[in-house]
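What follows is one structure encoded as structure tokens, with my remarks underneath.
Quick note: numbers below take in every heavy atom, side chains included, and nothing from hydrogens, waters or symmetry partners. Counting convention: from 1, in listed order, for ligands and their atoms alike.
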Amino acid sequence: MTRILTAAAAQLGPIAREESRESAVSRMVDLMKQGAARGVRYLVFPELALTTFFPRWYMEDWAEVDSFFETEMPGPATKRLFEASAEYGIGFYLGYAEKTPDGHRYNTAILVDDKGAIVGKYRKVHLPGHSEYEGHRPWQHLEKRYFEPGDIGFPVWRSQNAIMGMAICNDRRWPEMYRVMGLKGMEVLSLGYNTPDVNTSAWEPNHLRMFHNHLVMQAGAYQNSSYVIATAKAGIEEGVGMIGGSCIVQPSGEIVAQAQTVGDELIVADLDLDLCKMGKETIFNFARHRRVEHYGIIASQTGVVEPE
Ligand code: CDV
């Protein structure tokens with residue numbers, strides 16, 4: 001029996017600083033409803049999906065910072081999402097800012113099954129940006145100020161008949177993220193992102209933002225014979241252009257669905273989970289072909305060479 005999971009990337013357009021969580025959740029429930037009409041059983045929302053991308057502002061008042069964080073999940077504003085999940089039978093990935101009871105702050109994603117129950121949690125490991133105000137930037141990227149690096153590692157979970165992993169935005173640029181989960185048998189990676197359309201840390205042509213967005217996820221999918229569902233928060237948010245390009249990548253590394261707008265948009269694909277087997281049992285059969293015993297020799301040959 002083939003295992004088909006009809007899945008979607010539920011891209012969100014901009015969320016203004018003044019927009020309430022209730023309003024963001026209502027946009028998400030609308031996308032879920034659209035998904036239900038198209039037979040979707042699992043969908044992926046963006047990173048920090050409940051609010052604007054607040055790390056673009058330098059804040060010293062921690063009460064103000066905390067206004068962007070969730071202290072419970074589900075909470076009063078997010079309960080509706082979980083109810084919709086159970087009503088439509090749609091599992092989901094949700095990115096949000098988490099503050100723990102003992103005061104730690106993380107950039108977090110949860111995996112929820114098709115009955116509205118939380119199955120797993122992931123906390124972003126690769127936090128980009130800086131921790132203090134940098135005057136040369138047109139806007140800030142203060143993830144290192146507002147979040148601690150994730151302390152959960154890269155787990156995978158069995159949910160909806162698939163082996164699922166989660167990652168968040170900048171994590172997608174790091175091959176070890178895919179590989180650790182790939183070694184655990186991952187079949188579907190879900191990832192939300194907020195990526196400005198300009199690199200403010202060093203100059204590079206703007207077209208590289210979208211090129212690299214897809215390059216890393218297509219490579220990660222292919223080299224680990226997994227699906228990747230990647231969902232942007234897109235469009236002009238508080239004056240900052242954010243790339244869209246939400247996509248679903250199949251284990252061959254090919255994109256099978258891609259967003260056409262930078263607004264709220266649902267893209268859907270039928271994931272044939274057994275397609276993951278082909279790569280995992282042949283070219284990327286890790287047990288047969290990975291030569292871990294030789295990696296020590298390679299490591300001894302890779303000392304850092306300083307430029308002249
Ligand atoms: N939210 C992010 O992690 N954004 C980074 C940007 C800053 C490069 C990204 O990798 O898309």
Side-chain angles (χ1 to χ4, degrees), residues 9 11-15 17 24 44-59 65 68-69 93-98 105-110 122-134 136-150 152 154 165-178 189-221 228-247 249 258-259 262:
Q11 179 174 284
L12 291 175
I15 300 180
R17 189 170 184 158
V44 177
F45 293 117
E47 172 191 33
L48 300 177
L50 298 169
T51 67
T52 199
F53 189 77
F54 64 90
R56 71 169 65 92
W57 291 294
Y58 179 76
M59 293 176 269
V65 174
F68 295 100
F69 280 74
Y93 160 115
L94 174 72
Y96 65 99
E98 175 195 13
R105 296 180 183 83
Y106 299 101
N107 189 340
T108 294
I110 46 167
Y122 169 75
R123 293 174 174 150
K124 185 175 182 176
V125 168
H126 302 95
L127 297 174
H130 46 108
S131 50
E132 292 305 325
Y133 183 77
E134 293 189 352
H136 64 275
R137 291 176 185 262
W139 59 82
Q140 306 294 296
H141 197 105
L142 288 153
E143 286 195 59
K144 283 189 167 63
R145 181 178 184 80
Y146 301 132
F147 303 117
E148 292 174 49
I152 295 175
F154 298 113
M166 293 189 280
I168 302 177
C169 197
N170 193 263
D171 287 322
R172 72 195 186 288
R173 304 183 194 273
W174 302 85
E176 53 270 39
M177 175 275 287
Y178 304 90
L189 174 72
S190 301
L191 180 138
Y193 59 96
N194 281 266
T195 301
D197 59 12
V198 174
N199 183 349
T200 58
S201 57
W203 185 85
E204 65 180 4
N206 287 1
H207 74 268
L208 290 181
R209 301 301 266 185
M210 190 61 86
F211 172 63
H212 290 152
N213 178 42
H214 289 155
L215 174 73
V216 289
M217 295 190 293
Q218 291 182 254
V228 175
I229 309 174
T231 307
K233 173 123 70 55
I236 307 212
E237 187 178 87
E238 297 292 348
V240 177
M242 314 283 283
I243 64 167
S246 301
C247 62
V249 188
Q258 186 173 328
V262 285

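- For the residue pair Arg56 and Thr200, no side-chain donor N or O sits within less than 3.5 Å of a side-chain acceptor on the partner.
- The six-membered or imidazole ring of His141 lies near that of Phe53, with a centre-to-centre distance under 6.0 Å.
- Ion pair Glu98/Arg123 flagged as a salt bridge, since at least one NZ, NE, NH1 or NH2 atom sits closer than 4.0 Å to an Asp/Glu carboxylate oxygen.
- The pair Arg145-Glu132 counts as a salt bridge, with a side-chain nitrogen and a carboxylate oxygen less than 4.0 angstrom apart.
- Summarising the local packing, CH2 of Trp174 is surrounded by 12 or fewer heavy atoms from other residues, nucleotides or ligands at distances under 6.0 Å.
- For Tyr122 and Tyr93, the ring centers sit 6.0 Å or farther from each other.
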Protein N/O near ligand 1 N/O, under 3.5 Å, which pairs?
from: ligand 1; atom 1: 1 (N); to: Glu47; atom 2: OE1; distance (Å): 3.1
from: ligand 1; atom 1: 1 (N); to: Glu143; atom 2: OE2; distance (Å): 3.1
from: ligand 1; atom 1: 1 (N); to: Asn194; atom 2: O; distance (Å): 3.1
from: ligand 1; atom 1: 3 (O); to: Lys124; atom 2: NZ; distance (Å): 2.8
from: ligand 1; atom 1: 3 (O); to: Glu143; atom 2: OE2; distance (Å): 3.4
from: ligand 1; atom 1: 3 (O); to: Asn170; atom 2: N; distance (Å): 3.3
from: ligand 1; atom 1: 4 (N); to: Asn194; atom 2: O; distance (Å): 3.2
from: ligand 1; atom 1: 10 (O); to: Asn170; atom 2: ND2; distance (Å): 2.9
from: ligand 1; atom 1: 10 (O); to: Arg173; atom 2: NE; distance (Å): 2.7
from: ligand 1; atom 1: 10 (O); to: Arg173; atom 2: NH2; distance (Å): 3.1
from: ligand 1; atom 1: 11 (O); to: Arg172; atom 2: NH1; distance (Å): 3.3
from: ligand 1; atom 1: 11 (O); to: Arg173; atom 2: NH2; distance (Å): 3.0
from: ligand 1; atom 1: 11 (O); to: Thr195; atom 2: OG1; distance (Å): 2.6

